[in-house]
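The structure under discussion appears below in the form of structure tokens.
Just follow the structure's listing: the first ligand is 1, and inside any ligand the first atom is 1. Every heavy atom of this structure was used, including side-chain atoms; hydrogens, water molecules and symmetry mates were not.
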Amino acid sequence: MRVVILGGGYGGLVCALRLARRAGGQVAITLVSEKEHFVERIRLHEWAAGHKPVQQSLKAMVADTGITFKQGRVTQIDPQGEVLVGQERLPFDRLVVALGSQADTRSVPGIREHAFTLEPASAAQLASMLPGLAARGGRVVVVGGGLTGIESATEFAEAYPGLKVSLLSSSGLGKDFQETGRKHLLACLDRLRITQEQGRVKQIHANAIELADRTVPFDVCLWTGGFTVPALLRESGLPVNERGQVLVDPFLHVIGHKNILAVGDAAMMVDPPSAMDMGCKTALPMGAHAAENLARIIRGEPEQRLDYVHSVFCTSLGRKDGIIQFFRKDGSMVPWVVTGRPAAWIKEFICRSTLLAPQLERVDVSGTVWRKKSQPTSSLEPSGREILGV
Ligand SMILES: Cc1cc2nc3c(=O)[nH]c(=O)nc-3n(C[C@H](O)[C@H](O)[C@H](O)COP(=O)(O)OP(=O)(O)OC[C@H]3O[C@@H](n4cnc5c(N)ncnc54)[C@H](O)[C@@H]3O)c2cc1C
């Protein structure tokens, strides 16, 4: 069986490594990715704030596993069994789409021309200009009150106390936390002297953001207002939602295409709807599960539904603080949060574990674990074992 995996991010890399472990001799695995390096996307805001990223070569990460790594941009997907990578046609028996997401720069006019995003090139540019801006007491406006916006604003304010940092969101901050978490977040923004702005952005101009009733001036604007998926998937005729995510069933098959699976940010499970948010916390389990199902097909066994349940939001607030919000299996929030240094340590552990997971796969250990709905619930819900799915 020829399996081609598109995208060397969290989902694609773990899928390739798990499949090599489970069915190594019986499958030809090709991992295709545009960049030579694995991009640790969850640390891009840290990079923008001046913490140098650890770059890992994808070729080295899959060395000696039997996986062929092909660096190149996928420009066409023919669902009948072929992808175009640069000038080369790659045939497949099974395809795994793991092309991830990128900052949505089309939702508001002016983002592309006047704002930075958390893409590697833009983060590197921010990293080089923020020290000078901080020395002049310049103003950074982070647009987007989601977790990425909050993590970025706090990271900048902590790293550069000379910067004037504002966080602009269309609604109130902290909806992902219960009351204690929300209070902690607001106290942290206060401590770091981050000002809050509220309003819906109409347009971004050279040095100001236009809202319905006023403008907000900036020296640097960082846009974190949502993510979109490569247009290639829609253009290839695969079924997609309004965001461009490929629709998959619980076995991770693309609806109507038994030979194609999709994982990570590029995929949206339609049964049950919205069961998987975008995040490496979902991309890793989806990648591992897709590999397990491919291995089952090779062994002639029935495929299994992905059994996943959301367990935690881990948010960093700079390097020394954070908020860890746990969830019950029914989706409701646990009425307490971990904050401060312990939260920062947990978040750092989680970030490191996303890189440890592929390393463990290489030494024949399933490094990607997750919480499952079918697991028995403990009385102290959710327990550490349950959250980790072990
Ligand atoms: C600043 C920041 C902080 C985050 N923090 C968290 C967090 O704390 N927790 C969490 O769960 N999630 C977090 N996320 C989200 C997380 O990074 C993504 O959900 C995750 O990267 C998705 O993994 P993926 O494998 O689907 O795609 P990606 O990691 O995006 O990988 C996709 C891969 O496909 C490649 N690719 C794309 N198009 C092509 C093409 N045409 N041809 C060839 N290759 C292509 C890309 O180069 C990339 O290597 C954060 C994101 C950001 C930006």
Side-chain angles (χ1 to χ4, degrees), residues 4-16 31-49 53 56 58 61 69-77 83-86 90 96-104 116-123 126 142 144 146-153 155 176 222-224 226-233 235-236 244-246 262-268 276-288 290 310-316 322-325 346-351 353-354 357-358 368 370:
V4 174
I5 299 168
L6 305 181
Y10 297 93
L13 179 63
V14 159
C15 181
L31 176 66
V32 181
S33 209
E34 195 173 6
K35 301 200 177 72
E36 182 193 349
H37 289 100
F38 175 82
V39 175
E40 228 186 320
R41 281 186 75 199
I42 60 173
R43 291 197 193 264
L44 283 172
H45 59 298
E46 295 176 36
W47 186 357
Q56 300 215 31
L58 276 168
M61 289 172 104
F69 174 64
K70 199 166 277 296
Q71 189 190 345
R73 185 172 176 75
V74 185
T75 50
Q76 253 178 43
I77 299 172
V83 291
L84 188 62
V85 182
L90 273 184
V96 181
V97 176
L99 292 176
S101 62
Q102 63 231 1
D104 183 359
F116 289 84
T117 59
L118 286 174
E119 300 301 328
S122 206
L126 272 175
V142 176
L147 299 184
T148 311
I150 290 169
E151 288 196 331
S152 304
E155 202 75 44
D176 297 314
L222 172 67
W223 180 264
T224 70
F227 293 92
T228 182
V229 166
L232 168 68
L233 303 174
E235 290 158 10
S236 303
Q245 290 172 294
V246 182
V263 303
D265 286 4
M268 157 92 176
M276 316 284 289
D277 292 333
M278 278 187 177
C280 62
K281 64 186 170 212
T282 49
L284 288 164
M286 288 171 101
H310 177 58
S311 57
V312 64
F313 269 136
C314 293
T315 310
S316 65
I323 304 175
I324 312 294
Q325 172 71 65
I346 294 173
K347 172 77 189 202
E348 180 58 27
F349 168 77
I350 301 269
C351 289
S353 72
T354 63
T368 300
W370 62 92

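- Considering each of G100, S33, C15, A283, the one bringing a non-hydrogen atom nearest atom 28 (P) of ligand 1 is G100.
- At distances below 3.5 Å, not a single donor-acceptor pair connects side-chain atoms of T228 with backbone N or O atoms of D104.
- At the shortest separation from atom 44 (N) of ligand 1 among protein heavy atoms lies E34 N, 3.1 Å.
- Of the polar atoms of T148, none of the N or O atoms is found under 3.5 Å from an N or O of ligand 1, judged by distance alone.
- Ranking protein heavy atoms by distance to atom 26 (O) of ligand 1, first place goes to D265 N, 2.9 Å.
- Counting the atoms of ligand 1 from 1 in the order shown, those under 4.0 Å from a heavy atom of A98 are 32 (C), 33 (C), 34 (O).
- Using a non-hydrogen distance threshold of 4.0 Å, A267 does not register as a contact of ligand 1.
- Nearest to atom 43 (C) of ligand 1 by heavy atom, out of G72, C351, G149, S101, is G72.
- With sequence neighbours left out, the side-chain contact (heavy atoms from CB on, under 4.5 Å) criterion links T148 to L118, S152, T224, F227.
- Nearest to atom 47 (O) of ligand 1 by heavy atom, out of E46, R41, K35, is K35.
- Between the side chain of Y10 and the main chain of K281, no donor-acceptor pair closer than 3.5 Å is present.
- One option in I5, L99, L13 has a heavy atom closer to atom 38 (N) of ligand 1 than any other, and that option is L99.
- For the pair T368 (side chain) and L284 (backbone), a donor-acceptor distance under 3.5 Å is absent.
- A pairwise comparison of heavy atoms in M286 and A262 identifies CE-O, 4.4 Å as the closest pair.
- Although no hydrogens or angles enter the test, the distance criterion places no donor-acceptor pair under 3.5 Å between the side chain of Q76 and the main chain of L84.
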Quiz prompt | Test side chain to side chain contact (heavy atoms under 4.5 Å, CB included) applied to F349 and K347, step by step | solution = CA-CA 5 Å; F349 168 77; K347 172 77 189 202; over 6 Å; no
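- With respect to atom 34 (O) of ligand 1, the closest heavy atom belonging to the protein is G7 CA, 3.3 Å.
- Nearest-residue assignment for atom 11 (O) of ligand 1 (options G9, C314, G264, C280; heavy-atom criterion): C280.
- Considering L233, V32, V246 in turn, L233 is the only one that fulfils the side chain to side chain contact (heavy atoms under 4.5 Å, CB included) rule with L99.
- Between the side chains of T354 and R43, no donor-acceptor pair is found at a separation under 3.5 Å.
- Taking 4.0 Å as the cut-off, V39 does not count as a neighbour of ligand 1 on heavy-atom distance.
- Looking at E119, its side chain does come within 3.5 Å of a backbone N or O of A103 through a donor-acceptor pair.
- Regarding atom 25 (O) of ligand 1, its nearest protein heavy-atom neighbour is G11 N, 2.8 Å.
- Listed by number with element, the atoms of ligand 1 under 4.0 angstrom from any heavy atom of L118 are 1 (C).
- Ligand 1 lies within reach of K347, whose nearest heavy atom is under 4.0 Å from it.
- When V74, I42, L147 are checked for heavy-atom proximity to atom 50 (C) of ligand 1, I42 turns out nearest.
- For ligand 1 and G8, the ligand atoms under 4.0 Å from any heavy atom of the residue are 33 (C), 49 (O).
- Among all non-hydrogen protein atoms, the one lying nearest atom 20 (C) of ligand 1 is Y10 CD1, 3.7 Å.
- Considering backbone and side-chain N/O atoms, G279 comes within less than 3.5 Å of an N/O atom of ligand 1.
- Listed for the S236 side chain is a donor-acceptor partner under 3.5 Å among the backbone atoms of L232.
- A side-chain donor-acceptor contact under 3.5 Å links S101 and D265.
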